[in-house]
Amino acid sequence: FFSLALPDKAALAGMKADEMQSILVTPWVMVGLYFILTVAELFISPLGLAFRSVGGSAWIYALVMLCPLLYLAIIVLMFMIIHSLRRSIREERTLDKRNVWYLRAIGMLTIVTELISDAVNWVMNNRAAELLADSGYTVDTGFHISYAMIIMGILILFAAEVFAIGQNLSEEQKYTI
């Protein structure tokens, strides 16, 4: 974020030494970034310690860490497809292969992320039931799936296939004209 306000290479070529000196990034930027990374590591490490202390496997820990990354990937792909659709509409070729690929990726990631999240919850509930077996507490160990997210992923995949069929028809029409 600090480099967004810096001039480009062409503007730097025409600057004097005192102008360049005034835009140098200070070492405090590195100190600040290191501080942010250290704090993030301190938040992540206790989560790992908590998993290990209750006997959780490294795979479950990895899957728990993977789920937010997959959600982030879905959000990024959504912004990318919005940008791609805006550009495609301007260029009058809405049914682009890139849009089909983005939709397929969003649909698959939605389904996979939901299944991974549900599997992690099931494994963690089973482990909690084992640990609380003698305490009198009960834990629901059923495998529960959020069908809304699965159906949403299937609908997104369906929309991707509609785009793919439209894209194929558009290509065939170009060849016939």
Side-chain angles (χ1 to χ4, degrees), residues 1 33 35-91 93-173:
F1 294 116
L33 290 175
F35 175 75
I36 291 170
L37 291 174
T38 303
V39 170
E41 179 64 30
L42 290 174
F43 283 126
I44 291 173
S45 293
L47 186 60
L49 290 173
F51 269 111
R52 300 309 297 164
S53 67
V54 296
S57 83
W59 288 102
I60 297 299
Y61 178 69
L63 289 177
V64 166
M65 292 292 114
L66 181 67
C67 281
L69 292 176
L70 291 175
Y71 285 124
L72 182 63
I74 291 170
I75 292 169
V76 168
L77 282 170
M78 285 181 179
F79 281 113
M80 289 175 69
I81 196 168
I82 289 169
H83 175 71
S84 177
L85 283 171
R86 289 181 66 213
R87 184 176 22 169
S88 297
I89 289 170
R90 260 185 274 133
E91 297 171 1
R93 48 181 190 90
T94 311
L95 303 171
D96 192 19
K97 289 181 182 180
R98 185 179 334 121
N99 298 338
V100 173
W101 186 88
Y102 287 152
L103 277 175
R104 285 178 179 159
I106 291 170
M108 290 304 295
L109 282 175
T110 302
I111 293 170
V112 167
T113 304
E114 183 58 38
L115 291 176
I116 288 174
S117 177
D118 293 338
V120 165
N121 287 337
W122 177 71
V123 169
M124 291 174 78
N125 285 344
N126 281 336
R127 183 63 183 154
E130 289 174 16
L131 293 172
L132 297 172
D134 297 332
S135 68
Y137 292 104
T138 59
V139 178
D140 182 16
T141 58
F143 189 76
H144 304 287
I145 296 176
S146 171
Y147 292 107
M149 291 298 286
I150 302 293
I151 291 171
M152 185 184 315
I154 291 170
L155 289 174
I156 292 170
L157 287 174
F158 180 74
E161 293 310 310
V162 169
F163 266 58
I165 291 169
Q167 198 268 332
N168 287 338
L169 290 173
S170 176
E171 290 293 321
E172 288 177 10
Q173 182 185 16

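Just so you know, these numbers come straight off a predicted model, no measurement behind them.
- In this structure, the separation between CZ on R86 and OG on S84 is 11.5 Å, given to the nearest 0.5 Å.
- Distance check: L169 CG to E171 CD gives 10.5 Å after rounding to the nearest 0.5 Å.
- Note that the CD atom of Q167 and the CD atom of E161 stand 11.5 Å from one another [nearest 0.5 Å].
- Closest non-hydrogen pair, L77 versus A105, comes out as CD1-CB, 3.7 Å.
- The nearest pair of heavy atoms linking A129 to T141 is CB-CG2, 3.6 Å.
- Smallest separation of non-hydrogen atoms from N99 and I81: O-CD1, 3.6 Å.
- The minimum heavy-atom distance linking F143 with A119 is given by the pair CE1-CA, 3.5 Å.
- The two atoms that bring S88 and D96 nearest to each other are OG-CB, 4.0 Å, heavy atoms only.
- In this structure the side chain of E114 never reaches within 4.5 angstrom of the side chain of T110, judged on heavy atoms.
- Under the rule for a side-chain hydrogen bond (donor to acceptor under 3.5 Å, both in side chains), T113 has no partner lying at least two apart in sequence or in another chain.
- I111 contributes atom CD1, which lies 10.5 Å from atom CD1 of I151 (distance to the nearest 0.5 angstrom).
- Under a cut-off of 6.0 angstrom, the local environment of CZ in F158 is sparse, with at most 12 non-hydrogen atoms contributed by other residues, nucleotides or ligands.
- The heavy-atom pair separating V100 from A160 by the smallest distance is CG1-O, 3.8 Å.
- Pairs passing the side chain to side chain donor-acceptor pair (under 3.5 Å) check and including a residue from residues 144-156, sequence neighbours excluded, read D140-H144.
- To the nearest 0.5 Å, atom CG of residue L103 and atom CZ of residue R98 are 12.5 Å apart.
- With rounding to the nearest 0.5 angstrom, the CG atom of L109 is 11.0 Å from the CG atom of L72.
- Checked by atom type and distance alone, the side chain of S170 never pairs as donor or acceptor with a backbone atom of G166 at under 3.5 Å.
- Within 6.0 Å of CE on M108 lie no more than 12 heavy atoms contributed by other residues, nucleotides or ligands.
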